[in-house]
2 protein chains.
Amino acid sequence: MRTVFEKTDAIALVAEVFRECGYEGASMSTITTRTRLSKGSLYHFFPGGKEQMAAEVLAHVDAWFAREIFEPLETAEPRAAIAQMWTAVDEYFRSGKRICLIGAFALDETRDRFAKPIRSYFERWTNALEAALTRNGTPAGDARQLAEDAIASIQGALVLARAMADETIFERSLGRMRLRLASHTT
Amino acid sequence: MRTVFEKTDAIALVAEVFRECGYEGASMSTITTRTRLSKGSLYHFFPGGKEQMAAEVLAHVDAWFAREIFEPLETAEPRAAIAQMWTAVDEYFRSGKRICLIGAFALDETRDRFAKPIRSYFERWTNALEAALTRNGTPAGDARQLAEDAIASIQGALVLARAMADETIFERSLGRMRLRLASHTT
DNA sequence: TATCGTGTAGACCGATCGGTTTAGTAGCGC
DNA sequence: GCGCTACTAAACCGATCGGTCTACACGATA
């Protein structure tokens, strides 16, 4: 039996395993069984092994957010960009059933391994959201606070939703944050 | 050379290793080297191995929160209890330099192993905070939302603070949440 | 048909994993 | 002193770890 994959498929499959198990929890054998990719295939695509897999997965996630969220916030009309952000976030995290890989990596010592991509993901997101709010008329001081608050709320809602095994928490939290951003706006 | 520990010391030491490495990331050998407890000692205190260690650590954390935060919220004068909560939270997480072990366990498949303690920790916290807010005059609908929001914000702020390696984020976030709770109150 | 490049399968490697066992050492009651 | 319990140290175990390697299945090209 033989199934042929492309590297892009491999990245998406591996990403899901890291999301479910964390970096340390995802052993090569869990990765092979869950992705149905043999070790041969995996080391063909990622000669650097597990660390390279994680690095490419982080880059892949970052690219998705850059395209769907950061760039609109940075350049598009702010109200539309913020609306698009909430839609994209809800879709991406599937109402809290999926977690944020980058946030999860930040919590333990895996952070030290991937410090730069983790940091720049969150920095770009907060900066982009702050900029969009400012362009939309939010006072400069408030904009920074609101942006940090929104992103922290998203991360926290993911933790809570999983901890309590209650999908509604994520959507409720998103709804509150959406209103809060809107209410500080012209 | 021989150093003698008590089980309580062992739990606190092991807790710190789990906090730093996560459940899967904390191997028996990292645990022995970081705690300076030999395998003999660890298996003497925790015959059930790693899983028992984690279970007792979770119970230990839960007991601390129950004593310092949940019980005051449930029974004491609400304004004082909420003030005490913010103090205790800031002290416990050391301005974001320490993470929430229970929140971290919730993110990957470790959650399934310890589903009950994880869930009840967050449920008791939100229920207790909601009750305190209600006793203090917050409208019933708002109280639930505010409580969920506050606890999600704390968890999210821990993620963000670590991701950006910026301690000030946690304190700023705590300050905002403190104000938000206060402003929805008589 | 021969060949070449891409990708797959899985046996195999030394190191490390979680866990057990054996052989103690220290402190306390008697 | 003696024995007992509480605790510690480290050698040791099979299983699993991350990673390497060989063999080969294909489609494309010619």
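Note: hydrogens, waters and symmetry copies are ignored here, and every other heavy atom, side chains too, is used. It should be emphasised that the depicted structure is a prediction, and the values quoted were computed from it without experimental measurement. Quick note on labels: first sequence line is chain A, next is B, and so on, each numbered from 1.
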So [X], base contact, sugar-phosphate only, or nothing? Heavy-atom distance under 4.0 Å.
X	answer
B:Gly49	sugar-phosphate
B:Ala10	nothing
A:Phe45	sugar-phosphate

Using whole Å, what does the distance between atom [atom2] of nucleotide [N] and atom [atom1] of [X] come to?
X	N	atom1	atom2	answer
A:Phe5	C:dT6	CZ	P	19 Å
B:Arg36	D:dA9	CZ	P	11 Å
B:Ile31	D:dA10	CD1	P	18 Å
B:Asp9	D:dA6	CG	C1'	15 Å
B:Gln52	C:dG18	CD	P	16 Å
B:Leu13	D:dC7	CG	C1'	15 Å
A:Leu37	C:dA9	CG	P	8 Å
B:Phe46	D:dT8	CZ	P	11 Å

Please work out whether the ring planes of A:Trp125 and A:Phe122 are parallel, tilted or perpendicular, with thresholds of 30° and 60°. parallel
Select one nucleotide: of [options], the one nearest the side-chain heavy atoms of [X].
X	options	answer
A:Tyr43	D:dG19, D:dA9, C:dC17	D:dG19
B:Ser27	C:dC17, C:dT8, C:dG19	C:dC17
A:Lys39	D:dG19, D:dA11, C:dC17	D:dG19

Looking only at non-hydrogen atoms, find the nearest pair between A:Pro78 and A:Ala132 and report the distance. CB-O, 3.3 Å
The residue, A:Pro47 or A:Thr30, whose nearest nucleotide of DNA chain D is more 5′ is A:Thr30
Toward the 5' end of DNA chain D, which comes first, A:Gly40 or A:Lys50, by nearest nucleotide? A:Lys50
For A:His44 and B:Met53, find the nucleotide of DNA chain C closest to each by heavy atoms; which residue's nucleotide sits nearer the 5' end? A:His44
With a 4.0 Å cut-off, would you call A:Arg94 and A:Glu167 a salt bridge? no
Polar contact flag, side-chain donor to acceptor under 3.5 angstrom, A:Glu171-A:Ser95: yes
Can you tell me if B:Ser38 touches the phosphate of D:dA9, counting only side-chain N or O atoms and a distance under 4.0 Å to OP1 or OP2? yes
Compute the ring centroids of A:Phe5 and A:Phe45, then answer whether they are less than 6.0 Å apart. no
